[in-house]
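See below for the structure under consideration.
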2 protein chains.
Amino acid sequence: MAVSTASRVLSGSSHPISARTRAKVLAVAAELEYSPSALARAMVSPHSRLVGVLVSDIDNPYFSVIARGVDDVATRAGYVTMLSNVDRRTATEISRLQAMRDYRAAGVIFAGSGHVDDPQAPDLVKAVRRAQEQGIQTVSLAVRDLGCPSVVVDNRAVAYDITDHLVALGHRRVAFIEGPPGMTVTRHRREGFLSRMADAGLADGALCRPGGFDYQSGHAATLRLIAHRPLPDAVLAANDEAAVGALSALRQAGIDVPGEISVAGMDDLRTAEFVDLTTVRLPLYEMGSLAARHIIDTAARAGSASATPGTPATATGAEGAADGAATTVLSHRVVPRGTTARRPKGPDRPHP
Amino acid sequence: MAVSTASRVLSGSSHPISARTRAKVLAVAAELEYSPSALARAMVSPHSRLVGVLVSDIDNPYFSVIARGVDDVATRAGYVTMLSNVDRRTATEISRLQAMRDYRAAGVIFAGSGHVDDPQAPDLVKAVRRAQEQGIQTVSLAVRDLGCPSVVVDNRAVAYDITDHLVALGHRRVAFIEGPPGMTVTRHRREGFLSRMADAGLADGALCRPGGFDYQSGHAATLRLIAHRPLPDAVLAANDEAAVGALSALRQAGIDVPGEISVAGMDDLRTAEFVDLTTVRLPLYEMGSLAARHIIDTAARAGSASATPGTPATATGAEGAADGAATTVLSHRVVPRGTTARRPKGPDRPHP
DNA sequence: TTGTACGCGTTATCAC
DNA sequence: GTGATAACGCGTACAA
């Protein structure tokens, strides 16, 4: 009874084995509660069965939904998920990618947005290339030039479409509470908002205000809005959590939503449903699961059919080849709920 | 230039090395963008630098806060976090533990509650013992007899204390929306609630209702409450999300909170602050970080000072040795907010 | 059909 | 202060 025989039985090799021997191996393995070392297994193969995901902060529903999508696919495929919080710091992103590379991850998913004019971006791109050269798949879930395939939503269109909803309801002066300064997603969403307002001939009614992605930011920005009347017809926040902050500020000030003013957000996280917030549904779970599937499929293909470095098979949606890497754009959907309503009749409020 | 020399330089060995050689090694390593394989490293040591955490569902703020605590400590210590969702299924818990064991994790953290009279519990206990025998640390973040150290809160006391807050405000008929059927945490919280009501001589006013940990459950249970008047003085939900569901149902029915009825929850997740919900703050982040610290410290100790299988050093709080494994009980705190108020004056509502 | 031998990359041990 | 080698546990090419 040689180790190779046992290996062949337990790893389901196609090598012929007599039924008797096979049974004996299985029996002994069960007896010993034996299970093969994934470490040793990974050492002799091009990569481990670990898939990594880099999130800004797992305690943020946007990212935890993505992580759920990743893990569901990973688990079903016999992989284990590695998770790291990077707190939006590119340097941390690089070092965590490195850590996952040290474990010969099958792939690493970048879930967070990049920064505008990030001085460290080139270093990250280099780290990504190194990982790829080593056979580690990489996937980005945001539009950022990492030189890897990406599965994204069009954040300009997201903001454009929810703004359109507001405009269609008759709102003419709309305050936009922006996301965190310097992030790519912040810029894209602002552009989408401004674009729709301009297209409607309402450029003068587009009120951009600094904000953030958290409750506090939305609350504070709205307080400032309230202090400088006249109130806009509607408040659009760059994400749901900030929108909930805006909602609270308005209601605490005794302002009726949506009677006097409409409020909307983006992302459609659980909270949005709780407070009946109009928002935009994003396919976050799908982004995570598609990314994981891409990694695992590619890894499997590279494992069996030795090295097929052709163009990766892409899924659905529009394809764009910014830098040779396929981009899959997933669709979103405006979800009208109770915080938006038709603009009340009456004289136009004065433009400032 | 031998591999051993390079290893000594790069792994920071205390072995003496000439400055010249050291510099050369470093230079070459930088040139090659070399970084050691964590896989190979783990093969020759008793365990990898991976720490696993098993959660019911990462897309549940209760668990994502814990995961954050785990990962912060892991990252600082040079470890990587493995995460798996087990959807409250013991069988899944066993198989994911196994998967992490295959990677020779330094330790695995069980974040979720167990089930009452779980037929598969013995299998899990056995799997845990196997892991331990192999040198894998295990930590439970809930009270369940896994035969491993635990870092927990006293859920009976949590429910007791928030009920006390309600009773102190003069409420005499309190509806308790329970957690998911069959879970240990559900039972403990119900017991704490009933215990405080009984102590106040209000056993007749303790109204237990089936529920769950999600918005829908809280909403539905409250709708049923509303349909069967008279209304209780207060509604206590087994967690914050269900409490928010209760809140919505009441407000949609035009019932003033806290004017006509008080509402409270438990856990103090972000949502609770958004809706100004009275609740109980749980040290979830600390539970995760303490568990990770325990694992990493123990692994390091076992690595250097060869095998010191004495009693593990425990942190703060009360210690109980159910089965030889240390239990650390962390403290909680009632957080009064805007959804609870003194019971309005007036004639006692009739008991049913 | 089964057994043997090698290599994956690292660290610890022992020889120089 | 440096180098060679064994060992970790697996899969696999090759020999029997």
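So you know, we letter chains A, B, ... as the sequences are listed, proteins then strands, and number each from 1.
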[X] [atom1] - [N] [atom2] separation (whole Å):
X      : N      : atom1 : atom2 : result
A:H47  : D:dG11 : NE2   : C1'   : 14 Å
A:R101 : C:dG9  : CZ    : P     : 13 Å
A:R20  : C:dT1  : CZ    : P     : 14 Å
B:L10  : C:dG9  : CG    : P     : 15 Å
A:L39  : D:dC8  : CG    : C1'   : 10 Å
A:R41  : D:dT12 : CZ    : P     : 10 Å

Candidate pair B:S7 and B:S4, rule side chain to side chain donor-acceptor pair (under 3.5 Å), full reasoning: CA-CA 5 Å; B:S7 170; B:S4 45; over 6 Å; no
Which is true for [X] with a 4.0 Å heavy-atom rule: it touches a base, it touches only sugar-phosphate, or it touches nothing?
X     : result
B:S11 : sugar-phosphate
B:P16 : base
B:T21 : sugar-phosphate
A:S13 : nothing

Are side-chain N/O atoms of [X] and [Y] paired as donor and acceptor at under 3.5 Å?
X      : Y     : value
B:R8   : B:S13 : no
B:R101 : B:Q98 : yes
A:T92  : A:S95 : no

Result for 5'-nearest mapping on DNA chain C, choosing between A:A2 and A:V44, is A:A2
Overall bend of the helix from C:dT1-D:dA16 to C:dC16-D:dG1 (five pairs an end, 10° steps) is 50°
I'd like to know if the side chain of A:S48 reaches the main chain of A:Y103, judged simply by a donor and an acceptor atom lying under 3.5 Å from each other, with no hydrogens or angles considered. yes
- Can any side-chain N or O of B:D57 pair as donor or acceptor with the backbone N or O of B:D59 at less than 3.5 Å? yes
Assert: residue with more 5' nearest nucleotide on DNA chain D, out of B:A19 and B:M43, is B:A19
Between B:R104 and B:S4, the residue closer to the 5' end of DNA chain D by nearest nucleotide is B:S4
Measure distances between side-chain N and O atoms of A:S18 and base N and O atoms of C:dT1, and say whether any donor-acceptor pair falls under 3.5 Å.
no
**Asked** What about A:H15, does its side chain sit under 3.5 Å from the base of C:dT1 through a donor-acceptor pair?
**Response** no
Winner on side-chain proximity to B:S7, out of D:dG11, C:dT11, C:dG9, is C:dT11
Closest to the side chain of A:R8, out of C:dT11, C:dT1, D:dA13, is D:dA13
Practice problem: Using only side-chain N and O atoms of B:T5, determine if any of them is under 4.0 Å from OP1 or OP2 of D:dG3. | Solution: yes
Just N and O in the side chain of B:Y103: are any of them under 4.0 Å from OP1 or OP2 of D:dG9? no
Q. Between B:R68 and B:D72, is there a salt bridge with N-O shorter than 4.0 Å?
A. yes
In terms of heavy-atom contacts, B:E93 and B:L124 come closest through OE1-CD2, 3.6 Å
